[in-house]
Amino acid sequence: PRALFVESAKGAYGLGRSTRSKVMPLLLLAAICLPALIIAVIAAVTAADKLPGNYTAYVLNLQLVVMVYVAGQAPAGVSRDLRFRVMSLYLSRPLERIDYVVAKYAALTAATFTLMALPLTILFVGARLAKLPVGEQVPDYLRSLGGAFLTALVLAGIGLVIAAVTPRRGLGVAAIIAVLAVLAGVQGAVQGIAD
């Protein structure tokens, strides 16, 4: 299961695959990290007294990027295996169904968490370079990492469930985007009602 986890996690960023497989994940990683880098540089250069916005709001503002990433990578991780009933990995012992599911789920969760944690870490480093108070920054940063992990856990689960019932990759991408867009709308409506 460890080998399948490592292979799946690397594959979520196109590592070990063709150049075409690397383009979209790396573009999305750059799209989510670039604003954080700009904010961090501006905060450090201007010696700002606080970061514009907070860590959690940053991930929420760029949730579309995360949804597109999950929609693209969940089917890429399971569609070929389900469609052709073959994995591109030699295993030293037979793999149980639960091991396969856990490895794929853990790999997509880790890849999605990395996508969200990297810009948060860039923001934190920028805050430290701007010499913002550690007592304020560390709890916010750790809280945002916890939220990012829970978000990755939920999105990876939803993405893989939908990808598992759609063996065609394109159909899986469209279905995941549709479901996540509807869920984001429902979440926004519930949040608006609560406010």
Side-chain angles (χ1 to χ4, degrees), residues 1-17 20-37 54-82 89 98-125 140-166 169-188:
R2 188 181 323 126
L4 183 58
F5 167 78
V6 170
E7 184 69 22
S8 299
K10 286 180 0 185
Y13 285 99
L15 304 176
R17 293 192 178 164
R20 200 179 93 189
S21 298
K22 293 176 178 71
V23 171
M24 192 54 130
L26 295 180
L27 277 177
L28 291 172
L29 184 64
I32 202 167
C33 287
L34 188 61
L37 187 61
N54 62 30
Y55 299 102
T56 306
Y58 183 83
V59 172
L60 290 175
N61 289 335
L62 291 170
Q63 68 183 348
L64 179 63
V65 175
V66 178
M67 289 190 310
V68 169
Y69 177 79
V70 170
Q73 297 314 309
V78 297
S79 291
R80 278 180 287 136
D81 298 349
L82 294 173
L89 192 65
I98 191 70
D99 292 338
Y100 177 85
V101 171
V102 168
K104 290 291 186 174
Y105 184 41
L108 187 58
T109 299
T112 306
F113 175 70
T114 301
L115 182 77
M116 291 184 282
L118 192 57
L120 294 175
T121 304
I122 291 169
L123 285 174
F124 181 71
V125 168
D140 288 347
Y141 172 65
L142 294 177
R143 196 174 313 119
S144 68
L145 285 180
F149 178 73
L150 291 176
T151 302
L153 208 59
V154 170
L155 291 178
I158 292 170
L160 285 175
V161 166
I162 296 168
V165 296
T166 54
R169 186 173 177 190
L171 185 61
V173 170
I176 293 168
I177 286 177
V179 168
L180 292 179
V182 168
L183 289 177
V186 169
Q187 176 251 336

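No side-chain heavy atom of Tyr105 sits less than 4.5 Å from a side-chain heavy atom of Val161. The shortest side-chain heavy-atom distance between Leu115 and Leu29 falls under the 4.5 Å cut-off. Looking at Met116 and Thr151, their side chains come closer than 4.5 Å, going by heavy atoms from C-beta outward. Under the 4.5 Å side-chain criterion, counting only non-hydrogen atoms from C-beta, Tyr58 is not in contact with Asn54. Looking at Thr109 and Phe149, their side chains come closer than 4.5 Å, going by heavy atoms from C-beta outward. Looking at heavy atoms from C-beta onward, Ile122 lies in side-chain contact with Cys33 at the 4.5 angstrom threshold. Residues Ser144 and Val59 have side chains not in contact (no heavy-atom distance under 4.5 Å, counting atoms from C-beta outward).
Here Ser8 contributes atom OG and Leu108 contributes atom CG; the two are 9.0 Å apart, rounded to the nearest 0.5 Å. Atoms CE and CD1, on Met67 and Ile158 in that order, are 10.5 Å from each other to the nearest 0.5 Å. If you take CD1 on Ile32 and CG on Leu118, they are separated by 9.0 Å, rounding to the nearest 0.5 Å. Of the inter-residue distances, the one linking Thr112 atom OG1 with Leu153 atom CG reads 10.0 Å to the nearest 0.5 angstrom. Interatomic distance, Leu155 CG to Gln63 CD, rounded to the nearest 0.5 Å: 8.5 Å. In this structure, CG in Leu27 is found 11.5 Å from CG in Leu34, a value given to the nearest 0.5 Å.
Between Tyr69 and Tyr13, the gap from one ring centroid to the other is short of 6.0 Å.
When all heavy atoms of Val70 and Pro75 are compared, the pair lying nearest together is O-CD, 4.1 Å. When all heavy atoms are compared, the tightest approach of Pro25 to Ser21 is CD-O, 3.3 Å. Heavy atoms only, all atoms of each residue included: Pro119 and Ala36 are closest at O-CB, 3.5 Å. Between Gly159 and Ile176 the shortest heavy-atom distance is O-CD1, 3.3 Å. Among all heavy-atom pairs drawn from Lys22 and Arg17, the shortest one is NZ-O, 2.6 Å. Looking at every heavy atom in both residues, Pro35 comes nearest to Leu62 through CG-CD1, 4.4 Å.
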Pair Arg143-Thr56, side-chain contact (heavy atoms from CB on, under 4.5 Å): steps then yes or no: CA-CA 8 Å; Arg143 196 174 313 119; Thr56 306; 5.5 Å; no

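Formation of a donor-acceptor pair under 3.5 Å by the Lys10 side chain with backbone atoms of Gly16 is not found in this model.
By the 30° and 60° cut-offs, the orientation of the rings of Tyr55 relative to Phe124 is tilted.
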